[in-house]
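What you see below is based on every heavy atom in this structure, not just the backbone, and it leaves out hydrogens, waters and symmetry mates.
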Amino acid sequence: MFSITCVDEPLRKPVPLYEQTVKDEKGRYQRFHGAFTGGFSAGYFNTVGTKEGWTPATFVSSRQQKAGRQNARPEDFMDEEDLGDHGIAPRQITTTADFASGRKDVIRDKARAITSLSAPIPGDTVLEDLVAPARSSMGVELLRKMGWKDGQGVGPRVKRRLCKQRADSATRAFGSASPPNGSSESQDEEDGEFVPENVTFAPKDVTPIDFTPKVDLHGLGYRGLNPLAALRGGPGAGHINLFTMDSDRTNSLFGEDRKGQRRRGGVAGQGFGVGAMEDDDEDIYHRDIMSNYDTVLGGEEPGNGLYGWTAPQQYNRKKKDHSKDAAYLGKILEGFTLASDKLETKTVGIFPPPNLPRDFRPVHYFRPVVDLSSVSPMVAQALQTSRGHMAQEEPSKGGRHQLDSAQRRELLGEATLQGADCSLYSSETCRHNKMSLLNPSRFAPHAEQQQQEALSVWSGPTAQAQTGQTFKPFERTPHKQARYDLYIDQLKQGDRDALELSLDPTMTEWERGRERDEFVRAALLYKPSSSSLSCRFTRGKQDDGVEADTVEVTRDQENDVDDKQAAVKMKMFGKLTRDTFEWHPDNLLCKRFNIPDPYPGSGFVGMPKVKRDKFSVFNFLTVSESPTAIGYTTLHIHTLHYTSLHYTSLSLHYTSLHYTSLHYTIPHYTTPHYTTPHYTTLHLTTPHYTTPHPHYTTPHSHYTTPHYTTPHSHYTIPHYTTTHYTTPHYTTLHLTTLHLTTLHLTTLHIHTLHYTSLHYTTPHYTTPHYNTLHLTTPHLTTLHLTTLHYTSPSLHYTTPHYTSLHYTTPHYTTPHYTTPHYTTPHYTTLHLTTLHLTTLHYTSLHYTSLHYTTPHYTTPHYTTPH
Amino acid sequence: MSFPQPKPEVPQLPQNLLRTIDCQQGAVRAVRFNADGNYLLSCGSDKSLKLWSVSRGTLLKTYSGHGYEVLDADGSYDNSQLCSCSSDKTVILWDVATGQVTRKLRGHAGKVNCVQFNEEATVILSGSIDGTVRCWDTRSRKFDPIQILDEAQDGVSSLKVSEHELLTGSVDGRVRRYDLRMGQLHVDFINSPITCVCFSADGQCTLTSSLDSTVRLLDKSTGEMLGEYTGHKMKGYKLDCCLSSKDTHVLSCSEDGHVYCWDLVEGSLMLKLPVGKAVVQSLSFHPSETRLLTAMEGRVQVWGAEPEETEEEVVVVQQEKA
């Protein structure tokens, strides 16, 4: 209890002395002296004659100045403080009555209201209304002198027609309630039977706009509860509308009150008792009337709702002008006016939301990522290199065996080794020695031979001519690439022990051995092409592919054409036949079309392009992880996903690849889209392109223009001279030329190879130089083709060009050649000089459908007839 | 309140031959109305482009400067400029009044099949047999195209421009719609070489004619087929098709010497207009009235709904004098 009381009554602190002082406006201290002794003390304790005390004025006789003396005003007896802001008579600059406008004086109104209650006739200030000083402001005086009359508008005089229109809009703006100015007058105007010519009228007065800024937080048009209106009482005032509109406001502005309205003073109406003076008591309990409320959205009907839909013509008149719709729209908010002309809406600019596909889920869908741990590392690496994004995402992944010791050290955060680790060194060297002992013939002498070969290749004149080495096989490990570059440089200079010089001496012997082998192989694989092949190839149309290691292809590829053709046949146009791609218009083009750039800041134009690795066998045939694979005995490729295969140049040198057993256990070779229009250098010959000039059948025989032939003479492209190899499952394979220079396959076991659909839709091949198929290598020992069905019945080998086809294989056991059906007679030139296949086991080769769908070399078909 | 809507007028077809103009410029490869339909352009195989008055059939101007036969032409919205394309691989921008070559645009690798101004004549778009569409700037002094659209896998046979779209038909059997505003390319597969593409006047549909003797009306936004119009013969020539000015009918040239006119909604053949014995090479529909131009051999014919009155001619003459 104690504590509570303590809390309730806060301790009164004694006010310190320094807070009790008061200063006047000049900063002088004033002391309170006591209420009865004159307030603040002056001077030294009210002593007179001191410094700041009150000094009585010395008496001066004013008998002589009596004439000049005026009546004393109250101000003469006031102090400075009294005239200040907080004094009795504050002084401020105001408009004098002469210049004051007709605005009501607030204080005066208040006084009037008070006196009206006590007036002889309650509710009216009769006398004051009757006797009012005739006063008008300076502006009004000026206007009157210029000929203005009360109630007119200001401005040049107008003709009758315009005048009437304004009257119309004015009455409508007031709504249906009651026009403020006598309705008879406006009616007269509207009738307008008498319109004299050459008579002008003064313009209508305009409603002054109230420029009072809105400072409160109420809604627009809120005026609050006017006590005068609320207390006025009467049945008409039962409903209090807090929101007044322009029309009401103008009423009050004009000071015109509604004529028929009863005005009463006093407290009356709801909740208030009836005084003795008042006789009607039915108003005690206020009854609200429904007619006070709007029952129709958007205001009342014109014509007071008396007639409704079946109203006579004048009420039911349709308004043609939308500016007349004020009555329909109802009340207009204060501060707003009705727009004079309609806002133009541009329908073109409105976009519907994008069409969502039916199977759209509002969840981001990631690309299916192959679990690298589930597939063999080689496949994983192949995947990574073939798909650009994966390689960038995880640069260091790909198994710990792909890392070199430096990288592992970085990953583990170990310090750099000062010297060679003895134990590691010894163990590794032991292992290496063991291995070299195990298969000495496979590694040591062969490597020696290869090194010689690499040296001879790289130190040649053509290699010297080739300045920039473009191929970087070890790009992902920069150290290794640097060593490789060094090695190549040494090779170019003809250094014999280039390999040993370029290798890192700090690495273990095993690592060095591995790298040595890799370098030699890489050097041989990517020897300068000019030495062997480049003389036979012409550059592709897009020569960027030759220089760079990657090819630019459009990111979005078209769907399966087969499906579309089927859809067209079934006349199911729409989703099946439509492809939508992202396409970037040029910024300037957008500007010229008056359109905002849909991709502002996008760096390119056209279809988005993606750089993809060229297909290189090296991606797939790198060193396998197991140490036993140094000799490359087994290479297991389980699944090969060719997302995009770009054969930029078909120079496959398998010379240095010794695959003792290649098990292609690929179950489903499902590469459906071979849609590579950017085949930069696939050199396919077009000997048989019969440029379709015979189709040019101009109807008007007189106008057989000889000009038709010319534009197509360049079209030597069409490559499809088609050797139609049709093995049972191999329905249509159109390969014009295939350049395999050296192909050493000791054993190649392909169990199942399913080519489901291969679509080559490449129309623009520019290089016509290839009508030769050069296979120039010699070692085919055994070729096991278990099932190879050539169903095509007639293959005319019309090639006298078979210069040398040395099948030096004693083991060429081909008992399985069942039916050599060769369909197409177009096999023009097939140069097989030497083909070395030691063992090639094709257990089953399923080519279900290989479609070369390039039927559209039809450009000439529809050429302008006449 | 609701009165029955007045019955819409039965659409009239241009079945009366009003005038035949012998162009004297070899075979007429294409005939085109200008923007307001008072004049026509005829592209001749004698390397000339001619401007005619439709109402009187008089030659107003000959534009010569091409090196080969003129294949297509278009007039700007304000009738101040013309553009034409030719087998000589060039596109020429002409000044109408003086007949001078304002600009000669080279860059196409093959003959240029089709040419079109954009709405404000700030860009000329040309489609060529080399499989590209080139966008030439008429405002700048540069002679390089703003952009090259090389998505087509074969020659571009036809091209139309709307406010913000570009419609191209290619011989690879695809109709491509480049939406500049959305930054998208829509490819519709037709499976037959496209000879002509058109926008409908309401901008909702595209009309394509292809060498399988079929004219198809496709929904622009989805690519679905709304109508298929057959009966004519279009096997080997690049012939035009078009929609009537109020989108009520579909018209197409035919190799049998007729112009076929189908009802757009029903797809029924409404009119088979006999033009002549040879192939109807080109046609063009008046932008607002029921008037049709056809080109066959060396002649251009003007067709209208009613036989021509002399009074109208007088009015037109007066207008032109004014």
**Study point:** Separation between CG of A/L576 and CZ of B/F189, rounded to the nearest 0.5 Å
**Key:** 12.0 Å
Check your understanding: Just by distance, do the side chain of B/Q184 and the backbone of A/E582 share a donor-acceptor pair under 3.5 Å?
Key -> no
Review point. Counting N and O atoms only, with roles assigned by atom type, does the side chain of A/Y599 sit under 3.5 Å from a partner on the main chain of B/G183, one being a donor and the other an acceptor?
Key: yes
**Study point:** Residue among B/R181, B/E165, B/E163 satisfying side chain to side chain contact (heavy atoms under 4.5 Å, CB included) with A/I595
**Key:** B/R181
Practice item. Go through the atoms of B/L149 and report whether side chain, backbone, both or neither lie under 4.5 Å from a heavy atom of chain A. Key: side chain
**Study point:** Exam field: side chain B/T122 to backbone A/R592, donor-acceptor pair closer than 3.5 Å
**Key:** yes
Review point. Do B/E224 side-chain atoms and A/K575 backbone N/O form a donor-acceptor pair below 3.5 Å?
Key: no
Exercise for review: Taking the side chain as every heavy atom from C-beta outward, state whether A/W583 and B/E151 have any atom pair closer than 4.5 Å.
Suggested key: yes
Check your understanding: Any side-chain heavy atom of B/E120 sitting closer than 4.5 Å to one from A/N594?
Key -> yes
Check your understanding: Which one of B/E255, B/R177, B/R216, B/R176 has the most heavy-atom pairs closer than 4.5 Å to chain A?
Key -> B/R216
Check your understanding: Quick one: what part of B/D150 sits under 4.5 Å from any heavy atom of chain A, side chain, backbone, both or neither?
Key -> neither
Study note, to complete from the structure: Turns out that what part of B/L226 lies under 4.5 Å from chain A's heavy atoms comes down to neither
Review point. If you look at every heavy atom in B/I146 and A/L589, which pair is closest and at what distance?
Key: CG2-N, 3.7 Å
Revision key, fill the gap. Turns out that what part of B/T214 lies under 4.5 Å from chain A's heavy atoms comes down to neither
Review point. Which pair of non-hydrogen atoms, one from A/F593 and one from B/H164, has the smallest distance, and what is that distance?
Key: CD2-CA, 4.4 Å
**Study point:** Portion of A/V605 that has a non-hydrogen atom of chain B nearer than 4.5 angstrom
**Key:** both
Check your understanding: How about B/L185 and A/T580: do any of their side-chain heavy atoms sit closer than 4.5 Å?
Key -> no
Exercise for review: Could you grab the distance from atom CG of A/L588 to atom OG of B/S140, nearest 0.5 Å is fine?
Suggested key: 7.0 Å
Check your understanding: What is the minimum heavy-atom distance between B/M182 and A/P598, and which atoms define it?
Key -> C-CB, 3.8 Å
Practice item. For residues A/F573 and B/I190, determine if any side-chain heavy atom of one lies less than 4.5 Å from a side-chain heavy atom of the other. Key: yes
Check your understanding: Take atom NZ in B/K47; do more than 12 heavy atoms of anything else shown fall under 6.0 Å from it?
Key -> no
Check your understanding: Quick one: does A/R578's side chain have a donor or acceptor within less than 3.5 Å of a partner on B/S221's backbone?
Key -> yes
**Study point:** chain A contact via B/V175 - side chain, backbone, both or neither, heavy atoms under 4.5 Å
**Key:** neither
